[in-house]
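Below, chain A is the first sequence line, B the second, and so on; all start at residue 1.
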Protein chains: 2
Amino acid sequence: MTEGVEWAVHCCVVLSQAVEPVSAAQLAELHGVSKTYLAKHLQQLSRAGLVRSTRGRVGGYELTRAAAKVSLLDIVEAVDGPEPAFRCTEIRQRGPLATPPEKCLKPCGVARAMGAAEQAWRRSLASVSVDDLAGSVVRDNGAGTFDALRGWLAPG
Amino acid sequence: MTEGVEWAVHCCVVLSQAVEPVSAAQLAELHGVSKTYLAKHLQQLSRAGLVRSTRGRVGGYELTRAAAKVSLLDIVEAVDGPEPAFRCTEIRQRGPLATPPEKCLKPCGVARAMGAAEQAWRRSLASVSVDDLAGSVVRDNGAGTFDALRGWLAPG
DNA sequence: GCCACCTTACTCGGATAAGGACTGTCCGAGTCGCTAAGG
DNA sequence: CCTTAGCGACTCGGACAGTCCTTATCCGAGTAAGGTGGC
């Protein structure tokens, strides 16, 4: 899985606690990562419709909907792409004992098993929202964590 | 996910139905893939202890244990490696608002959620055995499929 | 004093290079069966 | 006829290039605020 997924998720958690748009530069400094590369992933989130970007002097990124309505799966699909990790190449239709195409209407057993596993993975990711993650941060680090964050984000 | 995983799984299904060691050349021709590259993945299966390789004139590969005792997860881990797809880089410990190390004894919420999803994925893969896959092939293509396979594998 | 315009500084967005992993290939090490000569 | 040494062919195993994707970076397009000049 792409490392940018981790960055994007943490950024979404931060955005869920911000009251104003947060610039890519702030998010990059806050997490100690490359600004330009993080911007690339934020663009992917923007294309997917998860965040809204505003340009100009006080521009930045903000969530387009409530944090409880943004799931981990949304972010992973936005950054890593929607195509599944396992792609069946239909090798059953190759070689001397190839299965005839008219018998390949449904995916083969291997593809079905892989698809079921990936479905379980997606269901687990879909059950966790950005708001849930923010709650876990509060439980782990204390209620004042996001107050300090908002103080750091405030201009000046 | 690596494409070699698909090859390795299909090879294991074939091996579960063979009565003699099957050479890498036969497996490659049967699936219409590169022989030398497939051999690389078979070596990974051998290192993981899933298959036994015998050299010499009538050498080849065979399963080391019953097909019902070999899960999809075993094969995936043997080929793609045991390390999880998501690796937490601990970005919470970086930047101006870094979490102090003494508060990072347990994984962060993001890593826990990702780990839970991956756990679900592994559990699903572990619940499917090579024997189950062979059964699905019989259900899809008919009971005579593996008879034809054994006939093709027979020397001559 | 008020308004319109312009400059300016700051933001995002897409197009552009470097590194690493997956893909694909080759030749050498090792092993078993066959053959043939000798007892 | 039986034993056994040698030969040969076939197998796996690890070391070696090619190509695509991830990582990382840069500069240009766009926008809003603030200053400035004119009315």
Side-chain angles (χ1 to χ4, degrees), chain A residues 1-8 11 15 18 20-29 31-64 76 78-87 89 91 153 155-156, chain B residues 1-8 11 15 18 20-29 31-64 76 78-81 83 85-87 89 91 153 155-156:
Chain A
M1 188 181 309
T2 305
E3 188 179 356
V5 170
E6 186 186 6
W7 301 5
C11 284
L15 291 181
E20 293 174 348
V22 184
S23 70
Q26 282 180 309
L27 289 171
E29 184 187 355
H31 294 111
V33 299
S34 161
K35 170 203 163 189
T36 53
Y37 187 35
L38 177 62
K40 191 174 190 61
H41 295 304
L42 292 172
Q43 288 167 29
Q44 292 176 295
L45 293 180
S46 177
R47 277 180 223 145
L50 295 181
V51 303
R52 173 197 315 279
S53 68
T54 53
R55 300 167 94 141
R57 196 178 188 82
V58 293
Y61 293 94
E62 54 192 342
L63 293 180
T64 55
V76 171
V79 175
D80 263 10
E83 60 269 8
F86 179 86
R87 203 178 70 82
T89 61
I91 68 177
L153 286 177
Chain B
M1 188 181 311
T2 306
E3 188 180 355
V5 170
E6 186 186 7
W7 300 6
C11 284
L15 291 180
E20 293 174 349
V22 184
S23 71
Q26 281 180 307
L27 290 170
E29 184 187 354
H31 295 109
V33 299
S34 160
K35 170 203 161 189
T36 53
Y37 188 36
L38 177 62
K40 194 175 188 60
H41 295 305
L42 292 172
Q43 288 167 29
Q44 293 177 294
L45 293 180
S46 177
R47 276 182 224 144
L50 295 181
V51 303
R52 173 197 315 282
S53 67
T54 54
R55 300 168 93 142
R57 196 177 188 83
V58 293
Y61 292 94
E62 54 191 344
L63 293 180
T64 55
V76 171
V79 175
D80 263 11
E83 59 270 6
F86 179 86
R87 204 177 70 81
T89 61
I91 68 178
L153 286 176

If you compare all heavy atoms of A:Ala78 against all heavy atoms of A:Leu50, which two are closest, and at what distance to 0.1 Å?
CB-CD1, 4.0 Å

About how many Å separate CG of A:Leu153 and CD of A:Gln26, when rounded to the nearest 0.5 Å?
5.5 Å

Distance-only check: which donor-acceptor pairs under 3.5 Å involve side-chain atoms of residues 52-61 of chain A, not counting sequence neighbours?
| residue | atom | partner | partner atom | Å |
| --- | --- | --- | --- | --- |
| A:Thr54 | OG1 | A:Gly60 | N | 3.4 |
| A:Thr54 | OG1 | A:Gly60 | O | 3.4 |

Could you check which residues of residues 34-42 of chain B get a heavy atom under 4.0 Å from DNA chain D? Sort them by number, please.
B:Lys40

Without placing hydrogens or testing angles, list every side-chain donor-acceptor pair under 3.5 Å for residues 34-42 of chain A, not counting sequence neighbours.
| residue | atom | partner | partner atom | Å |
| --- | --- | --- | --- | --- |
| A:Ser34 | OG | A:Thr36 | OG1 | 3.4 |
| A:Ser34 | OG | A:Tyr37 | N | 3.3 |
| A:Tyr37 | OH | A:His41 | NE2 | 3.4 |
| A:His41 | ND1 | A:Gln44 | OE1 | 2.9 |

With sequence neighbours excluded, what pairs up with B:Thr64 under the side-chain hydrogen bond (donor to acceptor under 3.5 Å, both in side chains) test?
none

To the nearest angstrom, how far is B:Gln43 atom CD from D:dC16 atom P?
15 Å

Assign each of A:Met1 and A:Val58 to its nearest nucleotide of DNA chain D by heavy atoms, then name whichever residue's nucleotide is nearer the 5' end.
A:Met1

Euclidean distance, atom OH of residue B:Tyr61 to atom P of D:dC10 [Å, nearest integer]
17 Å

I'd like to check the side-chain hydrogen bond (donor to acceptor under 3.5 Å, both in side chains) partners of A:Thr2; sequence neighbours left out, ordered by chain and number.
A:Asp80

When rounded to the nearest 0.5 angstrom, what is the spacing between OG1 in B:Thr89 and CH2 in A:Trp7?
8.0 Å

At the 4.0 Å heavy-atom cut-off to chain B, mark where contacts on DNA chain C begin and end, going 5' to 3'.
C:dT23 to C:dG33

Please report, rounded to the nearest Å, how far the C1' atom of D:dT11 is from the CD atom of B:Glu20.
15 Å

Heavy-atom closest pair, residues A:Glu6 and B:Arg87
OE1-O, 3.7 Å

If you take any heavy atom closer than 4.0 Å to DNA chain C, which residues from residues 44-57 of chain B end up in contact?
B:Arg55, B:Gly56, B:Arg57

If you look at every strand shown and take non-hydrogen atoms under 4.0 Å, does A:Ala24 touch a base, only sugar-phosphate, or nothing?
sugar-phosphate

Considering non-hydrogen atoms only, spot the tightest contact between A:Leu27 and A:His31 and give its length.
O-ND1, 2.9 Å

